[in-house]
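The figures that follow rest on heavy atoms only: side chains count, while hydrogens, waters and symmetry mates do not. When a ligand or atom number is given, it counts from 1 through the structure's own listing order.
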Amino acid sequence: MRGKGLSTFLFPLAVLSLLRRSHGDLSYAVPEEMKRGSVVGNVAADLGLDPKRFSERKARLNVDGGGRRFLDIDYSSGKMTVAEVVDREELCASRTSCVLKYSLVLEKPLELHAVTVQIEDVNDNAPQFSTDVIKLEIRESAVKGTVFLLGEAHDADVGQNTVQGYSLEKNGHFSLRIGTNADGGKYSELVLDKELDREQEKYMNLLLTATDGGRPQRSGSVEINITVLDANDNVPVFSQSTYRVSLPENSAVGTSVVTVSARDADEGVNGEVTYEFSRLSDKAARIFSLDKVSGEIKLIGNIDYETESLYELRIQAKDGLGLASNAKVVVEVIDVNDNEPVIVIQSISNPVPENTDSATEVGIINVQDKDAGGNQPIRCTIQGNVPFTLNPSIKNFYSIVTTGPLDREQVADYNITITATDEGMPPLSSSKVIHLSVSDVNDNPPVFDEQSYSAYIAENNKAGTSICSVTARDPDWRQNGTVLYSLLPSEVNSVPVSSFLSINADTGVIHAVRSFDYEQFRSLKVQVVSRDNGSPPLSSNATVSVFITDENDNSPQILYPAPEGKSLMTEMVPKAALSGSLVSKVIAVDADSGQNAWLSYRIVKSTDPGLFSMGVHSGEIRVQRDISESDSMKQNLVISVRDNGQPPLSATCSVYLLISDNLAEVPELKDMTYEEKSSKLTSYLIIALVSVSTFFLTFIILILAVRFCRRRKPRLLFDGAVAIPSAYLPPNYAEVEGAGTLRSSYNYDAYLTTGSHTSDFKFIRSYNDSTLPAGGTLRKSPDDPFGSSFNEAHGEEVRETLFI
Ligand SMILES: *[C@@H]1O[C@H](CO)[C@@H](O)[C@H](O)[C@H]1NC(C)=O
Ligand SMILES: *[C@@H]1O[C@H](CO)[C@@H](O)[C@H](O)[C@H]1NC(C)=O
Ligand SMILES: *[C@@H]1O[C@H](CO)[C@@H](O)[C@H](O)[C@H]1NC(C)=O
């Protein structure tokens with residue numbers, strides 16, 4: 001356009017100069033870009049001059065207006081040639097007429113000729129766009145038919161050699177429209193034929209080519225760079241409509257659950273997606289957080305399968321301008337074995353009686369596990385060696401049953417440890433201890449330490465002396481194991497055993513009720529019963545043998561010779577008796593036994609010591625030396641018999657010996673008959689005395705009987721003093737009798753246990769119905785013939801020592 005304006009301006013000047021110098025002026029036309037030396041025209045010839053004259057006239061070519069010459073005249077030949085290659089575009093730019101003007105001066109005569117050389121265009125330039133790339137930004141929302149100006153390509157050439165047309169690379173959206181400027185220049189416009197979609201095609205490159213009309217034709221092209229601009233025409237789209245995730249419970253806070261992502265095809269703010277929960281329960285809100293930008297869902301709280309096993313989160317994705325879409329996240333909580341089984345005791349019978357049968361149900365437990373699936377099944381066992389087992393009952397219920405007999409005396413209580421283990425990985429277990437007591441049943445009788453006891457007591461004991469104690473043990477509990485002792489009623493030689501012994505019901509100590517006399521009886525056998533306090537009671541018995549030991553309480557008794565006074569025994573000793581011959585024998589006995597009855601004989605006094613000797617243990621009297629005539633006829637020996645007791649007791653007797661061969665020689669024979677008579681008299685006297693005594697006794701008994709009947713009340717027969725028949729009984733013939741050869745008198749008040757728990761003894765003065773003892777230890781009946789023996793007011797010392 002610039003070139004066009006310039007050429008329009010210069011054109012009239014050229015016409016004017018051509019007109020003014022019209023006569024004799026020269027005009028040539030020559031294409032641009034001619035090589036040096038190319039002949040433009042023959043100036044001399046055209047002027048009609050001889051080339052010789054031409055140089056003679058000093059022809060000169062002056063460039064009008066100064067400037068570059070380009071052409072010159074070969075003066076010798078008169079031809080105008082190219083001195084310098086002419087570029088029309090450089091010289092004249094876009095002017096359509098490009099003329100070089102010269103003045104040809106000739107001298108002699110001076111002549112001035114105007115020479116104009118028209119430079120003609122050659123198509124030596126291609127159309128050219130002003131930029132390499134045309135950048136266009138087109139919003140995708142642009143409607144069909146919208147026109148975009150592309151501008152004009154330039155071609156330095158002129159005329160037909162300038163831009164004549166445009167062409168556009170084939171494409172799906174645009175077409176080309178060509179327009180013409182007021183100055184004739186051609187320009188192009190891009191017309192939108194089909195709407196753009198940035199999301200499909202964001203950039204487009206089209207090639208626009210401009211062509212000129214020269215020959216050969218030249219062209220130039222430019223790239224059109226179309227950027228499709230975004231319009232918010234897309235909603236964000238989630239990659240999945242529902243996200244399903246599984247998450248183990250107890251996952252740590254901060255664990256990433258899932259990252260949702262929504263894409264918005266739009267660009268920039270239109271495609272900036274933010275996420276938020278669209279609807280969220282309070283509970284879920286405490287557990288899940290959603291990153292607004294990244295779409296990552298994280299845990300901010302604890303997830304617990306047992307509380308909630310499934311969460312549904314609704315998430316909205318929104319782009320910058322508010323287009324939104326929704327998706328759902330389903331979080332499935334996976335159970336983890338985090339709950340140990342719980343054992344619940346439903347019922348328990350405590351205590352369990354020890355006589356409970358095997359396989360009896362004593363309790364019911366229930367086990368629960370909050371976990372699910374494979375973590376839930378529970379195995380339940382009883383630990384340790386206890387006679388209980390678990391029997392599975394209805395689902396998750398077990399009954400505790402006994403597996404064997406219980407014995408409180410062995411094991412009084414059990415700690416039953418129940419362990420429940422689930423089948424999770426790793427398994428969890430819990431245990432519970434059930435304390436079960438075994439209650440007592442009276443199933444054990446008292447058992448004596450020994451089945452038979454032996455006790456020794458020296459005779460002449462005091463009444464109430466304890467002899468021995470028996471112990472029976474009963475392992476049962478409290479009253480079922482409380483042992484009471486008693487004597488089994490029995491009779492010893494038809495006397496109730498209770499007359500001799502009593503037992504403390506609580507302690508089992510056996511006491512002598514009375515003083516014992518070894519010479520009467522030497523042993524007692526009694527059955528002791530121990531009985532517990534159960535209901536019904538159980539009992540057992542043991543035998544107690546009481547052995548009475550001897551004391552040296554009897555002096556030796558001389559049987560022969562007869563005691564003094566009763567008879568006068570005289571042994572005859574033949575005068576011719578030799579030394580060592582047996583003269584007589586003293587026979588003595590001792591009611592005691594053992595050492596106490598081991599007798600030794602000694603001569604204490606003799607008429608003629610040395611004449612007779614005494615066998616220490618045999619009691620034999622022997623002649624020690626031959627008897628001579630000088631020896632006195634009457635010999636008297638006093639013999640002492642002594643037992644071996646501690647202290648020893650002794651008796652003495654006299655032995656009369658008559659040394660004579662003839663009974664008639666005996667001067668004292670008369671005395672002896674007298675003695676016999678008097679002895680007979682003594683017998684009569686005794687008989688009389690016995691008769692009177694018997695009568696007297698009968699009388700007293702009668703009186704007592706009368707009194708007894710009058711009272712009409714059971715009364716003990718023997719309340720008073722009764723003399724003891726003092727019959728002599730030799731040892732080994734001792735009988736249990738109501739009387740004996742007791743050394744001294746005792747108050748026979750009996751020491752009796754009462755069987756009460758509080759006091760040991762009671763001192764009973766006499767037996768009557770108001771003081772009958774409890775517990776059956778002592779039993780009195782009115783017909784008890786020996787009751788009196790307990791209550792003798794006095795007794796005589798019955799010691800018989802015999803002297804002659
Ligand atoms: C049972 O447990 C209690 C307390 O844990 C304990 O005192 C008692 O001795 C236990 N009994 C048995 C029989 O183990
Ligand atoms: C004693 O045994 C009986 C059953 O023989 C029982 O009923 C009672 O409870 C027991 N007494 C105690 C104190 O255990
Ligand atoms: C004493 O016990 C035995 C068994 O220990 C029994 O056979 C006997 O009958 C019992 N005697 C009495 C008198 O109870």
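Closest to atom 4 (C) of ligand 1, if we only count protein heavy atoms, is Asn415 ND2, 4.7 Å. Looking only at heavy atoms of the protein, atom 7 (O) of ligand 2 is closest to Asp440 O, 4.7 Å.
Side-chain contact of Asn554 with Asp592: a donor-acceptor pair under 3.5 Å is present, judged by distance alone. The closest side-chain donor-acceptor pair between Asn339 and Asp371 falls under 3.5 angstrom.
Atoms of ligand 2 lying under 4.0 Å from at least one heavy atom of Trp477, given by number and element, are 13 (C), 14 (O). Within ligand 2, counting atoms from 1 as listed, the ones closer than 4.0 Å to a heavy atom of Arg478 are 13 (C).
Put simply, atom 2 (O) of ligand 1 has protein non-hydrogen atoms near it, under 4.0 Å away.
When heavy-atom distances to ligand 2 are checked against a 4.0 Å cut-off, Asn480 comes that close only through its side chain, counted from C-beta outward.
Residue contacts with ligand 1: Asp413 is placed with no nitrogen or oxygen under 3.5 Å of a nitrogen or oxygen of the ligand (distance criterion only). For a threshold of 3.5 Å applied to N or O pairs, the pair formed by Asn442 and ligand 2 contains at least one separation below that value.
At distances below 3.5 Å, not a single donor-acceptor pair connects side-chain atoms of Asp532 with backbone N or O atoms of Pro446.
In summary, Asp449 and Arg473 engage in a salt bridge, as defined by a charged side-chain N under 4.0 Å from a carboxylate O.
Rounding to the nearest 0.5 Å gives a distance of 5.5 Å between OG1 of Thr356 and CG of Leu406.
In this structure, Tyr311 and Phe288 have perpendicular ring planes: the angle between them is above 60°, well past the 30° mark.
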